[in-house]
Amino acid sequence: MFDFSVIIQNWPLFWNGLLVTLFYSAISISAGLFIGLIIGLMQLTGSRLLTTIGRVYVEIFRNIPLLVILLWIYYAFPIFAGLSITKFWAGFAGLSLYAAAFYAEILRAGVQSIDPGQTDATTALGMTYYQRMRRVILPQAFRRMIPPLAGQSIIQIKNTTLMSMITVPDILYQASYVSSFTYRPMEVYTFVGIMFLVLLVPLTLLSRKLEKISETVK
Amino acid sequence: MSADIKKKEPLLQIEALHLHYGIKPVLRGIDLDVMEGEVVVLIGASGSGKTSLLRCINLLNAPTGGRITIAGEDIYNAGDDRGVEPSMYTGANTVPMRDVNRIRSQTGMVFQQFNLFPHMTALENVMEGPVTVKRADPEKTKEEAMALLAQMGLEGHEHKYPRQLSGGQQQRVAIARASAMHPKVMLFDEPTSALDPELVGEVMKAMTQLAKSGMTMVIVTHELGFAFEIADRVIFLDQGCIAEDGPPNDVLLHPTHERLKSFVGRFHETANLLRPFLEGTG
């Protein structure tokens, strides 16, 4: 019933698609972490203005579906701004900005989950805000943040498939292309599913391990 | 000893200290002088403001009015607020933050929940203050920290993490951590309240040892027996004011204040049984 020869025949397309998926995963996770760190720290400064800006950012990007964000950036934003935007920038920006909102929340929650007694103890020793963050709060918070950060990154890799809707040639886009001229959707989409399992199951297991490690430092 | 002390300036001076949470007054004009080497115990019902007062001394709680001086230096001075209606206090401190941190590091604090740094060993916990805040030489600090931990009876536990230690051991590490800064005064916030009964004794012993070494101490505790033993002075706080202040014998055994009488009631019964013995030795 299954005829996987279509996969082998069109292997170069799938391989390119896989590389595109990995490339976008890597750059959008990196950029998302960087923007998320800034947005998260803004909400921890105690400044009401910065906190509000951070809050608004998080709520906007957390509550609009990623597909809508991508379509908006690619098709609507150029009309608003009167400039053209490439697929690359639309996909990269959409994925990164979306991921940043979630990373920012993980960072904020991680820092805020540290017992206020830790702040009391550092303050009583005469530490400054910067010393307290660097020596006591962030080392503890980062260990607690490892599991949710890993989890969010796995979701991020899966989310890259939404870029196929703005014609970025990722693995899903290549699959639908192959399926359109081979009339073999069953094999093609099954293969895409298996590819993600092969890619992400090891990462999921790794994040479980990290979770155990971060529990021991509680 | 007391004649000696009276000639000196008080180490810790608190004047007209007010603290409000919102519009709710917690401290309503506290005046308190603590001499060098003196051990002062604060008692009172929950909500009387004793922990708030302790946390105001190193500004973990920001007062809303008054003045606090440690070893002749202001750590808190509300300035122009003095003389204004207490509910109008802004709480602004005229002492710059840099000085606050410096003076703060001359006070040591021990908390009810220990608040050790869980990602550091016992030794690293004790070294953290001197090395990070005072920029002391790590090698020298390490030697000193080892000695402090040994004094606290923690030899062999130096490289353990807080989670590997019992509550009593953790609290003794916390006392060593506070002592490592060579504080002029040490503040204890219900240091034995979170401990299992069988672990209370070892922490009290460590504190008694510290008191005998001449450390100036302000202690909030519910352990009236311990207060009786360790205190030079016992202060009874009631509704944000000092209601009684005197030697433990007066305050705990011969209270005059009505609320204090009922507060020490249970302790009193035990103390009455002990009195013949105490009078015989005293």
Side-chain angles (χ1 to χ4, degrees), chain A residues 33 37 40-42 44-51 106-150 207-218, chain B residues 51 54-62 70 75 97-121 124-136 161-164 170 173-174 177-183 185-189 194:
Chain A
L33 278 172
L37 186 72
L41 286 176
M42 272 167 70
L44 294 166
T45 50
S47 145
R48 190 168 291 180
L49 178 70
L50 290 178
T51 306
I106 292 169
L107 184 93
R108 186 188 58 78
V111 169
Q112 287 179 346
S113 75
I114 303 298
D115 175 16
Q118 296 288 307
T119 299
D120 282 354
T122 53
T123 309
L125 286 173
M127 283 194 195
T128 61
Y129 176 84
Y130 175 72
Q131 288 170 335
R132 177 203 319 159
M133 279 301 195
R134 186 173 57 87
R135 298 287 309 167
V136 176
I137 307 294
L138 288 180
Q140 290 180 63
F142 274 126
R143 281 172 220 202
R144 286 193 195 178
M145 285 188 283
I146 290 169
L149 285 179
S207 88
R208 286 239 176 119
K209 276 233 170 91
L210 292 173
E211 207 167 311
K212 286 221 178 84
I213 292 168
S214 83
E215 264 168 26
T216 60
V217 291
K218 234 187 132 185
Chain B
T51 289
L54 196 75
R55 289 172 60 93
C56 276
I57 295 173
N58 61 0
L59 300 192
L60 282 189
N61 282 0
I70 294 169
I75 183 171
M97 200 58 205
R98 180 177 298 189
D99 290 338
V100 167
N101 274 333
R102 183 175 52 78
I103 300 167
R104 215 179 228 158
S105 66
Q106 298 172 5
T107 67
M109 191 165 205
V110 175
F111 301 89
Q112 185 176 356
Q113 301 294 343
F114 331 133
N115 296 350
L116 291 178
F117 307 132
H119 59 305
M120 298 181 192
T121 62
E124 289 166 343
N125 263 280
V126 178
M127 291 172 62
E128 184 59 28
V131 173
T132 301
V133 178
K134 288 189 170 173
R135 312 220 171 276
Y161 285 90
R163 65 177 180 281
Q164 297 168 313
Q170 288 189 52
V173 174
R177 176 175 70 178
S179 326
M181 294 294 282
H182 300 294
V185 53
M186 281 181 75
L187 313 169
F188 294 82
D189 184 11

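The shown structure was predicted, so the numbers you read here are calculated from the model rather than taken from an experiment. The chains referred to below are lettered A, B, ... by the order of the sequence lines, with proteins before strands, and numbering in each begins at 1.
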Peer 1: Under 4.5 Å from any heavy atom of chain A, what part of M120(B) do you find: side chain, backbone, both or neither?
Peer 2: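 Contact with chain A: side chain only.
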Peer 1: Taking C-beta and beyond as the side chain, do L54(B) and M109(B) meet within less than 4.5 Å on heavy atoms?
Peer 2: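 They are in side-chain contact.
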Peer 1: Counting only non-hydrogen atoms closer than 4.5 Å, does D120(A) touch chain B with its backbone (N, CA, C, O), its side chain (CB onward), both, or neither?
Peer 2: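 Contact with chain B: backbone and side chain both.
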Peer 1: Is R102(B) close to chain A through its backbone or its side chain, or both, or neither, when contacts mean heavy atoms under 4.5 Å?
Peer 2: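 Neither part.
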Peer 1: Can you tell me if R144(A) uses its side chain to pair, donor with acceptor, with the backbone of G110(A) under 3.5 Å?
Peer 2: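 No: the side chain of R144(A) does not pair with the backbone of G110(A).
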Peer 1: What are the two closest heavy atoms between S47(A) and L50(A), and how far apart are they?
Peer 2: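 Closest approach of S47(A) to L50(A), heavy atoms only: OG-N, 3.2 Å.
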Peer 1: Can you tell me which of M181(B), Q113(B), R55(B) forms the most heavy-atom pairs within a distance under 4.5 Å of chain A?
Peer 2: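 Between M181(B), Q113(B), R55(B), the count favours R55(B).
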Peer 1: Can you name the residues of residues 129-137 of chain A that have some heavy atom under 4.5 Å away from a heavy atom in chain B?
Peer 2: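 When heavy atoms of chain B are the reference, residues 129-137 of chain A contributes Q131(A), R135(A), V136(A) within the under-4.5 Å range.
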Peer 1: I want to check something: taking the side chain as every heavy atom from C-beta on, are H119(B) and R143(A) in contact at a cut-off of under 4.5 Å?
Peer 2: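 Counting from C-beta outward, H119(B) and R143(A) do come under 4.5 Å.
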Peer 1: T128(A) versus chain B, heavy atoms under 4.5 Å apart: side chain, backbone, both or neither?
Peer 2: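 Contact with chain B: backbone and side chain both.
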Peer 1: Using a 3.5 Å distance criterion without hydrogens, assess whether the side chain of T132(B) forms a donor-acceptor pair with backbone atoms of G129(B).
Peer 2: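 Such a contact is absent between T132(B) side chain and G129(B) backbone.
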Peer 1: Would you check if the side chain of N125(B) reaches a backbone N or O of T121(B) as a donor-acceptor pair within less than 3.5 Å?
Peer 2: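 Side chain of N125(B) to backbone of T121(B), a donor-acceptor pair under 3.5 Å: yes, one is there.
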Peer 1: Do the side chains of F114(B) and V173(B) get nearer than 4.5 Å, heavy atoms only?
Peer 2: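 Not touching, per the 4.5 Å side-chain cut-off.
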Peer 1: With only heavy atoms counted, which part of F117(B) is less than 4.5 Å from chain A, the side chain, the backbone, both or neither?
Peer 2: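 Both parts, backbone and side chain.
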Peer 1: Where does L59(B) contact chain A at under 4.5 Å (heavy atoms): side chain, backbone, both or neither?
Peer 2: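 Neither the backbone nor the side chain of L59(B) comes within 4.5 Å of chain A.
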Peer 1: Strictly distance-based, threshold 3.5 Å: is any side-chain N or O of Q170(B) a donor or acceptor partner for the main-chain N or O of P162(B)?
Peer 2: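 Yes.
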Peer 1: When heavy-atom pairs shorter than 4.5 Å are enumerated against chain A, which of L116(B), V110(B), I103(B), L187(B) gives the highest number?
Peer 2: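 With the most close heavy-atom pairs to chain A, the winner is L116(B).
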Peer 1: Taking side chain as C-beta onward, heavy atoms only, is R104(B) less than 4.5 Å from I70(B)?
Peer 2: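 In short, these two side chains do not touch, never coming nearer than 4.5 Å.
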Peer 1: Minimum heavy-atom separation for Q118(A) and Q140(A), please, with both atom names.
Peer 2: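 Closest approach of Q118(A) to Q140(A): OE1-NE2, 3.0 Å.
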